Enquirer: 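Got a structure for you, written out below as structure tokens; questions coming shortly.
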Amino acid sequence: MKKQVLTGIKPTGRIHLGNYIGAIKPALQLAENQSYNTAYFVADYHGLTKIHNPIEMKELSYGVAAAWLALGLNPDSATFYRQSDVPEIFELSWILSCFAPKGLLNRAHAYKSLVEENQNGGKEVDSGVNMGVFTYPILMAADILLFQTELVPVGKDQIQHVEIARDIAESFNKQYGETFVLPEYVIQEETSVLPGLDGRKMSKSYNNTIPLFEEPNKLRKLINKIKTDSSSPEEPKNPDASVIFALYKEFASSDQSEEMRRRFQQGIGWGEAKKELFNVMNSFLEVPRLNYEELMTNRDRLDAILLNGAIKARKKTIPFMKEIKRKIGMYH
Ligand code: TRP
């Protein structure tokens, strides 16, 4: 039996470098490996916890789909769909919520940090928190468990969510017998937290991201904004403590990376290092950027690919959902 791999990206902003390095790149590497079944999706219902403007929702969802495809996802070998096209996920989400201890969700990072923010601001603890934010980990557990997922490639900030999915699966299995596979997360250790322009974690919420498909001139400007120290060009620099080198490595060949490592150690001006980073990124992104732009002007094609993916996904989820309902006493 092939191992099942699954990951999703929520459409709450334009695809940025952190999405690419943390989730898309490792997921695409796994997709090339014949010993895995891969399911990749646009987590639009997760996006709904934040995005309440229909035009924005549509644009961002197509943007996530086009990014996956532009970067090389082959929808014939992977199962590639929009979460909202697979209604079994929501049926399962309710069932799982009846097995998710509320205390466990009170401790989920995303919710907890909103509560802390409110407390620090002297507001009511749940001010501005919708139930979608609170039950977010349950919907994510349904995404994962419905596909009998073994491996979930995600960024470090999602580890707790995968652990919650595991906990819920275990308590269901204990009650009704072996039903769900227990998932594990896969993180890219080296770059698990990618720093953004200001040195903090690259995140849409900090507004410090580098959008992946930015046009070359803007990309160059953003790279020039990356924070560096005030050391002079001749001073040796530690490549492993530099955002610029961390990003360079992701787009360069191993020979190029070794050469750049040497140049850092010998002393390289930050301006020069940024120029080299731009060159290597831009040449990698040239073709995907064109693919992306073409796909974004061809919505019918994106819809057709996504709907096809949903049909493929539901060949598994419909029968599995029946089995689950039978176990809890809802079918003969
Ligand atoms: N919560 C994930 C994120 O913000 C996105 C996501 C939704 C996901 N469902 C998933 C990731 C299932 C992996 C598996 O990045």
Side-chain angles (χ1 to χ4, degrees), residues 3-28 30-31 36-51 57 60-61 63-65 67-68 73 78-86 88-90 92-93 96-97 100 105 108-114 132-169 180-188 191-194 201-206 209 212 309 313 317:
K3 284 197 173 190
Q4 180 68 46
V5 178
L6 171 144
T7 197
I9 294 182
K10 59 175 189 285
T12 49
R14 290 169 68 197
I15 291 291
H16 58 77
L17 275 179
N19 297 134
Y20 173 65
I21 294 168
I24 300 181
K25 191 178 169 193
L28 290 176
L30 290 167
Y36 297 112
N37 271 327
T38 49
Y40 300 139
F41 65 99
V42 182
D44 53 353
Y45 268 118
H46 277 111
L48 190 61
T49 60
K50 268 204 188 135
I51 305 293
M57 172 62 85
L60 292 171
S61 297
V64 171
W68 275 109
L73 181 74
T79 304
F80 181 57
Y81 54 96
R82 205 162 17 205
Q83 185 187 37
S84 60
D85 289 333
V86 182
E88 291 72 31
I89 298 169
F90 307 99
L92 182 59
S93 184
L96 296 181
S97 72
L105 297 180
H109 297 317
Y111 171 67
K112 229 173 99 183
S113 73
L114 288 175
V133 170
F134 187 69
T135 58
Y136 186 109
I138 301 180
L139 180 57
M140 182 157 158
D143 287 329
I144 295 171
L145 300 180
L146 190 58
F147 287 82
Q148 300 288 37
T149 305
E150 282 176 73
L151 303 176
V152 189
V154 280
K156 229 181 191 166
D157 59 322
Q158 298 297 313
I159 291 178
Q160 190 194 28
H161 288 153
V162 180
E163 287 170 346
I164 292 175
R166 233 184 127 84
D167 283 358
I168 298 177
F180 297 116
V181 168
L182 303 183
E184 276 168 37
Y185 54 81
V186 187
I187 47 168
Q188 296 294 94
T191 49
S192 45
V193 177
L194 185 75
K201 171 188 183 268
M202 186 176 290
S203 163
K204 286 172 275 207
S205 25
Y206 293 150
T209 65
L212 198 60
T317 61

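These numbers come from a predicted model, not from an experiment. As the structure lists them, so they are numbered: ligands from 1, and atoms in each ligand from 1.
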Enquirer: Do V5 and T149 have side chains that approach each other closer than 4.5 Å (heavy atoms only, starting at C-beta)?
Expert: no
Enquirer: Are any of the N/O atoms on D143, whether in the backbone or the side chain, positioned under 3.5 angstrom from an N/O atom of ligand 1?
Expert: yes
Enquirer: Is it the side chain, the backbone, both or neither of F41 that has a heavy atom closer than 4.0 Å to ligand 1?
Expert: side chain
Enquirer: Checking contacts here: is it the side chain or the backbone of V152 that comes within 4.0 Å of ligand 1, counting heavy atoms only? Could be both or neither.
Expert: side chain
Enquirer: Is the ring pair F90/Y45 parallel, tilted or perpendicular, if the boundaries are 30 and 60 degrees?
Expert: perpendicular
Enquirer: Can you tell me how far OG1 of T12 sits from CG of L60, rounded to the nearest 0.5 angstrom?
Expert: 7.5 Å
Enquirer: Can you pull out the closest protein heavy atom to atom 4 (O) of ligand 1? Residue, atom name and distance to 0.1 Å, please.
Expert: K10 NZ, 2.8 Å
Enquirer: Please indicate whether any nitrogen or oxygen in H161 is less than 3.5 Å from any nitrogen or oxygen in ligand 1.
Expert: no
Enquirer: Using a strict 4.0 Å cut-off to heavy atoms of L6, name the atoms of ligand 1 that fall inside it.
Expert: 12 (C), 14 (C)
Enquirer: Classify the contact between L139 and ligand 1 as side chain, backbone, both or neither, using a heavy-atom distance cut-off of under 4.0 Å.
Expert: neither
Enquirer: Hey, could you give me the NZ/CD distance between K112 and Q160, rounded to the nearest 0.5 Å?
Expert: 7.5 Å
Enquirer: May I ask you to list the atoms of ligand 1 that are less than 4.0 angstrom from any heavy atom of A43?
Expert: 7 (C)
Enquirer: Tell me if the centroids of the rings in Y136 and H161 come within less than 6.0 Å of each other.
Expert: yes
Enquirer: Please report the interatomic distance CD1(I159) to CD1(I164), rounded to the nearest 0.5 Å.
Expert: 12.5 Å
Enquirer: Going by heavy-atom distance to atom 5 (C) of ligand 1, choose the closest among G8, A39, A141.
Expert: G8
Enquirer: For V154, counting its heavy atoms only, list the atoms of ligand 1 lying under 4.0 Å from any of them.
Expert: 11 (C), 13 (C)
Enquirer: Which residue supplies the protein heavy atom nearest to atom 7 (C) of ligand 1, what is that atom called, and how far is it?
Expert: H46 ND1, 3.3 Å
Enquirer: I would like to know whether Y40 and F80 meet ring-ring contact (aromatic ring centres under 6.0 Å, His included); could you show each step before the answer?
Expert: CA-CA 5 Å; Y40 300 139; F80 181 57; 8.1 Å; no
Enquirer: Taking the inter-plane angle between the rings of Y81 and F147 on a 0 to 90° scale, is it parallel (under 30°), tilted (30 to 60°) or perpendicular (over 60°)?
Expert: parallel
Enquirer: I need the contact type for Q158 against ligand 1. Using non-hydrogen atoms and a strict under-4.0 Å cut-off, is it side chain, backbone, both or neither?
Expert: side chain
